[in-house]
Protein chains: 2
Amino acid sequence: MAVRIDDLDRKILAELQRDASQSLDEIAKTVSSSKTPVWNRIRKMRDAGIIGQQTVILDPEALGFEACFFVLIRTSEHEADWQKSFLKALQERPEVLEAHRLAGDIDYILKVRVRNARAYDAFYQALISEVRVHNVTALLSMEEIKSTTALPL
Amino acid sequence: MAVRIDDLDRKILAELQRDASQSLDEIAKTVSSSKTPVWNRIRKMRDAGIIGQQTVILDPEALGFEACFFVLIRTSEHEADWQKSFLKALQERPEVLEAHRLAGDIDYILKVRVRNARAYDAFYQALISEVRVHNVTALLSMEEIKSTTALPL
DNA sequence: GCTGAAAACGCACCTGG
DNA sequence: CCAGGTGCGTTTTCAGC
């Protein structure tokens, strides 16, 4: 599981995170190696699951997704059944971009992207009708100051 | 600015989000069109900034980033200068993956990924020594239930 | 594990419907 | 605005070092 990653691997990952459309030659040059070793290492890390999905980042505003909420959820229910249906509800709703189970006072946090406040309300109503939650606080984002998927290797 | 996006464009974007490494032919086939129009539309949307960075999603756990925190920040300072230096601090810290300015009670929320709790504490100490904040609450993620960059087109 | 070359493949562009 | 064709760059593989 814990595949050993050396310094060259890290450099390759950093380049891929920065721009995955680069050619092997370009990557090889910037990490001061050459095509074949870079290709072998990428393959190895892909197979190991370290490198996952290759995707494009779209501009949410340009596509009309103008509202972003962070939703803090407290629940009184902690049985396996409840949790299962809650997780299922989250997985099925595409407007939920992230969901974490938390330690402490607040049980879950969600990041939800929708077209506008009305769409958020529709989401909220649908969610609370599907699963019982004790307390929900929505934090409305006014401005996305920073957004990256790049891990600090 | 508001480039018109039609249904075919949306299908293309969905495919690119799903897997950006696909060949033009594959995308063309799944959206029931053919190479040239798909290519022209992708180019148009790239130029319009709708399609941004092409990247890979790495597995944080496999790379030793085992701790993820959401940080809720309240501040009493609302002057332009303070805000400027706060934003700069966030931009410069690679462990801050997301930062939003919020409406309401809480002023900012951050998503921070680090190797362990110690590394978070180091980040926290560094941050509060750089800029004055009134109140900080850290929410520790126990489990990433869902994580996607895909907008629900 | 690396180099270098060679074959298969896909892209970017263009010309003409 | 779309179909098809083509030259060129890139990926992928496979020898030998």
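The sequence lines fix the lettering, A, B, ..., with proteins before strands; numbering per chain opens at 1.
Taking atom CZ of residue A/Arg43 and atom C1' of nucleotide D/dC14, one finds them 13 Å apart after rounding to whole Å. One interatomic measurement links the two molecules: CG of B/Asp9 to C1' of D/dC1, which rounds to 13 Å at whole-angstrom precision. Here the P atom of nucleotide D/dT11 and the CZ atom of A/Arg46 are 11 Å apart, to the nearest Å. Separating the CG atom of A/Asp25 from the P atom of C/dG4 is a distance of 12 Å, rounded to the nearest angstrom. In this structure, B/Trp39 atom CH2 and D/dG4 atom C1' are separated by 15 Å, rounded to whole Å. Atom-to-atom, NZ of B/Lys44 to P of C/dA12 comes out at 17 Å; the value is rounded to the nearest Å. One can place CG of A/Leu24 at 14 Å from P of C/dT3, the figure rounded to the nearest angstrom. For the pair B/Ile42 CD1 and C/dC11 C1', the interatomic distance rounds to 11 Å; values are reported in whole Å.
Classification of A/Arg41 and A/Asp6 as a salt-bridged pair holds, one side-chain N sitting under 4.0 Å from a carboxylate O. With respect to A/Arg18 and A/Glu15, a salt bridge is recorded, a charged nitrogen being found less than 4.0 Å from a carboxylate O.
When each of D/dT11, D/dT6, C/dT3 is scored by its nearest atom to the side-chain atoms of A/Lys35, the top-ranked nucleotide is D/dT11.
Between the base of D/dG4 and the side chain of B/Thr36 there is a donor-acceptor pair shorter than 3.5 Å.
Using a 4.5 Å heavy-atom threshold, the side chains of A/Val131 and A/Ile73 count as separate.
Closest heavy-atom contact between B/Val38 and B/Ala28: CG2-CA, 3.9 Å.
Side-chain nitrogen and oxygen atoms of A/Arg41 include at least one within less than 4.0 Å of the OP1 or OP2 phosphate oxygen of C/dC2.
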